[in-house]
Each structure stands twice: as C-alpha cells, then as structure tokens.
Protein chains: 2
Amino acid sequence: MVLKNKDASTEEKIKEAARTVFTQKGYSATRTRDIAEEAGINLALLNYYFRSKEKLFELVMAEKVSELFGVIAPIVNSKKTSLDEKVTLIVDAYITMLSQNPGLPLFVLSEIRNNPEHFGNRIQAGKLLTESFFVKQLIEKRPDIHPLHFIVNILSMSIFPFITKPVLESAGVMNSDQLNEFTEERKILIVKWFKVMIEA
Amino acid sequence: MVLKNKDASTEEKIKEAARTVFTQKGYSATRTRDIAEEAGINLALLNYYFRSKEKLFELVMAEKVSELFGVIAPIVNSKKTSLDEKVTLIVDAYITMLSQNPGLPLFVLSEIRNNPEHFGNRIQAGKLLTESFFVKQLIEKRPDIHPLHFIVNILSMSIFPFITKPVLESAGVMNSDQLNEFTEERKILIVKWFKVMIEA
DNA sequence: AAAAGATTTAATCATTTGATTAAAAACAAA
DNA sequence: TTTGTTTTTAATCAAATGATTAAATCTTTT
C-alpha cells in the first residue's frame with residue numbers, strides 16, 4: 001500500500017498564505033481566492049487540502065490563540081520565580097513576540113468578538129488570570145487590590161501599542177521601526193512602573 | 001417646489017441599525033440585509049437613503065472615530081488644567097464613555113487595520129499625541145522620558161479592559177456588570193498609578 | 001379632489017464567492 | 001513501460017449579496 005504522500009510543501013504554502021491573509025484582513029474580509037493567490041496555487045487545492053475556508057481558518061486560529069496565550073502560561077505558573085521576575089519575563093516575552101507578530105492581538109480579539117459563541121470555553125486563558133501562582137503572589141503582596149488590576153496593567157501596557165499600530169501608522173505618529181524602538185524601551189520601563197504601582 | 005421631506009425617522013432607524021450591526025460585526029461580516037432587518041425596513045430603502053453599503057459605513061465610521069478621539073481633544077489642549085487634572089479627566093471621560101459603548105475601540109481599530117489607506121491622514125489623533133499642551137506638560141515634568149510612553153500608559157490602562165471584553169466574557173473571567181465595576185474602580189486607581197509613574 | 005412628489009415594496013439583476021467536478025498531469029510501484 | 005495513485009487544473013455550480021427597477025402606496029400642495 002502506498003502511503004499518503006501529500007506534497008507537504010503545497011499544504012504548508014496554503015497554510016502560510018492563510019495565516020498571512022486571515023491575520024491581515026480577518027475571516028470575513030478574506031476570500032479563498034485571496035489565499036490561493038497569496039499561496040500561488042489553484043483555488044481548488046485549498047478545498048482539496050483543507051475541505052473548507054472555515055476548517056482552514058479554525059486551524060490558523062487555534063495556532064494564533066496558542067501563540068497569544070501560550071506566552072504567559074509557563075511564566076505565571078512557575079513557583080520558582082518572584083513576582084518581579086515574573087513581570088520582567090511576561091513583559092519581555094510579549095513585546096519580543098509581538099514585535100515579530102504585531103497583528104496578532106487585534107486579529108484574535110476581533111475574531112472572538114465576531115463569534116464569541118464559537119470560542120466558548122476553548123480559551124483556557126481564564127484560569128491564567130484567576131488561578132495561577134502569579135495571582136497568589138499578587139494577592140499576598142497587595143490583598144487590598146484585586147489582582148486582575150495589576151495583570152491588566154502589565155498586559156495593557158505591553159500589548160496596547162501593537163493593537164494601536166494601524167492607527168499610529170495611519171496618523172503618522174510612528175512608523176514600524178519607531179514602534180519597535182518604542183516598545184523595546186518599554187521592556188525596562190514597564191517593569192519599573194509595575195514596581196512603583198504595586199507599592200503605591 | 002416641494003422640499004425633500006424624507007421621513008427622518010426611517011433614515012435614522014437605518015443609521016441606528018447600521019451603527020449596531022457594523023459595530024458588532026465589522027464592515028465585511030455585515031450584510032446589508034442584516035441592517036435592513038435590524039432596522040425593520042425593506043432592503044431597497046437602505047440604498048434609497050444612503051446610496052450604498054459603503055457610503056452608509058463611512059457615515060457611521062466617521063461618527064465612531066469622532067466619538068473615540070473626540071473625548072480627549074478638548075482635555076489635552078486646555079491650558080487651564082494641571083497635568084494631574086488632565087489625567088483624571090481623560091481617564092474618567094474614556095471609562096465613562098466606553099462603559100456605554102464598549103465595542104467602540106475594537107471596532108475602529110480593526111476597521112483601520114483592514115483598510116489603512118482609506119483612512120490616510122483623516123485621523124487628526126496624531127496631533128493630539130504629539131503637539132497638544134498635555135504633551136508639553138509631560139515633557140516639562142519628565143524631559144528624560146518620551147511623553148508618548150505616559151500617554152500610552154494612560155490610554156492603555158483605561159481602554160484595554162474594553163478591548164478585551166469579548167475574551168474576558170468568553171473565558172468566564174467577568175461578565176458585563178463585573179467589567180463595569182472593575183473599570184469604575186480603575187478611574188481612581190489609574191490616576192494614582194500615573195502619579196507614581198511620573199515620579200519614578 | 002386632483003396632481004405632483006416622496007416613500008416603500010416586491011421582484012429581479014449581476015457579481016462575487018465558497019465549493020465541486022471531471023479531466024489532465026505528475027508521480028510511484030510493478 | 002504499464003498500471004494505479006496522488007496532485008493539480010480549468011470549468012462550472014449554487015448560494016449569497018449589493019444594488020436596481022418599476023410599480024404601489026402614502027404625503028403634500030394646489
């Protein structure tokens with residue numbers, strides 16, 4: 001019997017094109033023909049390899065959700081690092097990752113908005129925000145303030161510049177290189193700011 | 001000659017429905033039939049009053065951009081308020097406004113991402129972030145740190161919870177009421193945090 | 001009331017779009 | 001080479017969708 005020997009290169013070309021186009025334009029604005037063109041393949045091949053636009057999207061989306069939330073999972077659950085160390089690691093991990101993939105947060109957030117039912121409890125991020133060891137450390141340090149406030153502060157200050165990238169560029173505030181410089185600076189600043197906030 | 005006497009009520013019903021549907025699903029995922037149904041009108045009326053889906057969208061979008069950026073314009077340009085006062089006003093204005101319109105930022109940001117060319121320099125927000133009196137006050141206070149860092153901090157901490165609302169709800173971290181409570185708390189906290197950050 | 005104009009409706013168009021099909025081409029096994 | 005299998009292509013389909021049209025209804029003016 002002959003093994004399935006799909007040309008992995010073609011399949012991967014389609015998936016890569018799908019990543020690009022879906023992330024750039026979102027599910028609804030993406031035409032399967034856009035993906036085919038981006039991949040340099042015949043339209044029918046998309047269905048041959050992935051059955052449907054939706055199936056292909058789910059594949060890409062699952063990847064992107066992992067990328068976005070996977071960053072912090074190992075950090076916030078560690079029992080070996082201090083509070084301050086965790087903040088340093090989180091900020092650094094997010095800014096480094098998003099510099100390579102700036103469209104990621106806006107993509108994931110807007111697709112979840114468009115179809116909240118579809119994601120249901122598939123997102124385990126909830127537990128990271130409410131049950132991780134990081135949360136315990138925050139409560140220990142500041143029992144008077146809900147830990148989510150600090151988590152939102154750290155994430156927002158790290159991620160927000162990337163979410164607003166399209167506006168910053170359209171409005172001529174920054175170009176792509178300047179944004180990277182700016183967020184690189186923030187790696188150190190945010191940690192410093194966190195330290196004074198947690199004591200304030 | 002008889003004046004054009006369009007039934008303003010119908011026109012407004014369509015515009016209102018368009019606001020709802022466009023904001024919820026974005027331009028591409030919105031069908032003109034969705035808007036017609038939401039407005040309770042015949043599909044053809046949409047074109048009768050607004051020519052095309054795109055024209056209607058531009059109308060709504062212009063409104064939404066104003067809502068989103070109009071909030072801060074009068075505050076940051078005032079010469080009568082102190083730095084701290086401005087921060088208090090900005091945070092309060094945004095959180096109050098977004099509590100009534102939580103989907104606004106994600107909508108505007110993702111539409112600009114989908115079609116950056118289209119917005120070009122139509123967004124005057126750039127000047128608010130680079131040339132306002134608020135910026136001068138920030139530089140005066142902390143000439144060593146780019147003022148945009150502080151502006152991003154204030155805006156991100158205020159707006160980010162609303163951007164992530166769909167995730168927070170899907171993941172079961174918070175429901176809508178809890179989010180309002182949470183952001184209401186932040187009105188005071190963010191100002192406090194800003195004060196220690198600007199001194200740090 | 002009659003005429004003129006504005007608004008609304010049902011039906012229909014043309015295009016786009018996701019998907020399928022049948023045949024061709026490429027490849028592997030014998 | 002021959003045979004069978006996988007991959008690719010061009011052509012086509014059916015449904016969805018933005019838009020238009022022509023007729024019907026309602027409103028205003030005279």
Side-chain angles (χ1 to χ4, degrees), chain A residues 1-62 64 107 110-111 114-115 117-118, chain B residues 1-62 64 107 110-111 114-115 117-118:
Chain A
M1 171 219 171
V2 180
L3 284 177
K4 244 191 186 180
N5 189 18
K6 285 183 185 173
D7 181 3
S9 161
T10 298
E11 191 171 338
E12 189 47 45
K13 261 197 298 180
I14 298 173
K15 221 193 278 184
E16 185 54 31
R19 286 186 195 104
T20 304
V21 182
F22 277 137
T23 307
Q24 234 166 56
K25 325 212 300 177
Y27 178 80
S28 284
T30 295
R31 315 287 155 229
T32 52
R33 283 163 177 82
D34 300 338
I35 298 175
E37 192 185 5
E38 173 82 20
I41 52 115
N42 185 290
L43 170 60
L45 280 180
L46 189 151
N47 297 81
Y48 177 74
Y49 281 103
F50 298 97
R51 299 272 307 165
S52 70
K53 178 189 178 185
E54 203 180 332
K55 287 266 198 317
L56 178 53
F57 175 76
E58 300 212 12
L59 221 72
V60 171
M61 189 60 178
K64 295 295 173 186
F107 168 67
S110 55
E111 293 303 330
N114 286 356
N115 214 341
E117 326 81 44
H118 185 280
Chain B
M1 172 220 169
V2 180
L3 283 176
K4 247 191 182 180
N5 188 17
K6 285 181 182 175
D7 180 5
S9 160
T10 297
E11 193 172 336
E12 189 47 46
K13 264 195 296 181
I14 298 174
K15 221 192 280 181
E16 184 56 30
R19 286 186 195 105
T20 304
V21 183
F22 277 137
T23 307
Q24 238 167 53
K25 324 212 297 178
Y27 178 79
S28 284
T30 296
R31 316 286 154 227
T32 52
R33 283 162 176 82
D34 300 339
I35 298 175
E37 191 184 8
E38 173 81 21
I41 52 115
N42 186 290
L43 171 60
L45 280 179
L46 189 150
N47 297 82
Y48 178 73
Y49 282 103
F50 298 97
R51 298 272 308 168
S52 71
K53 178 189 178 185
E54 203 181 333
K55 287 265 196 320
L56 178 54
F57 175 76
E58 299 213 11
L59 221 72
V60 170
M61 189 60 178
K64 295 296 173 185
F107 168 68
S110 54
E111 294 304 329
N114 286 356
N115 215 342
E117 325 80 44
H118 184 280

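Small disclaimer: the values here were computed from a predicted structure and weren't measured. Residue numbering restarts at 1 for every chain, and letters A, B, ... go by the order of the sequence lines.
The pair A/Arg31-A/Glu38 does not meet the salt-bridge criterion, since no charged nitrogen lies less than 4.0 angstrom from a carboxylate oxygen.
Using the six-membered ring where Trp is involved, B/Phe107 and B/Phe57 have ring planes that are perpendicular, over 60° apart on the 30 and 60° scheme.
Counting to the nearest Å, the C1' atom of D/dG18 and the CD1 atom of B/Ile14 are 15 Å from each other. In this structure, B/Leu45 atom CG and D/dT25 atom P are separated by 16 Å, rounded to whole Å. Taking atom CD1 of B/Ile41 as the reference point, atom P of D/dA19 lies 13 Å away to the nearest angstrom.
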(request) Can you check each nucleotide of nucleotides 11-25 of chain C against protein heavy atoms at under 4.0 Å and return B for base, S for sugar-phosphate only, - for none, in 5' to 3' order? (result) ------BBBBB----

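Between A/Glu111 and A/His118, the side chains place no donor N or O within less than 3.5 Å of an acceptor N or O (distance only, hydrogens not considered).
For the atom pair A/Asn114 CG and B/Gln24 CD, the distance stands at 9.5 Å (nearest 0.5 Å).
For the pair A/Ile35 and A/Ala18, the tightest heavy-atom approach, listed with the atom from each and the gap, is CG2-N, 3.9 Å.
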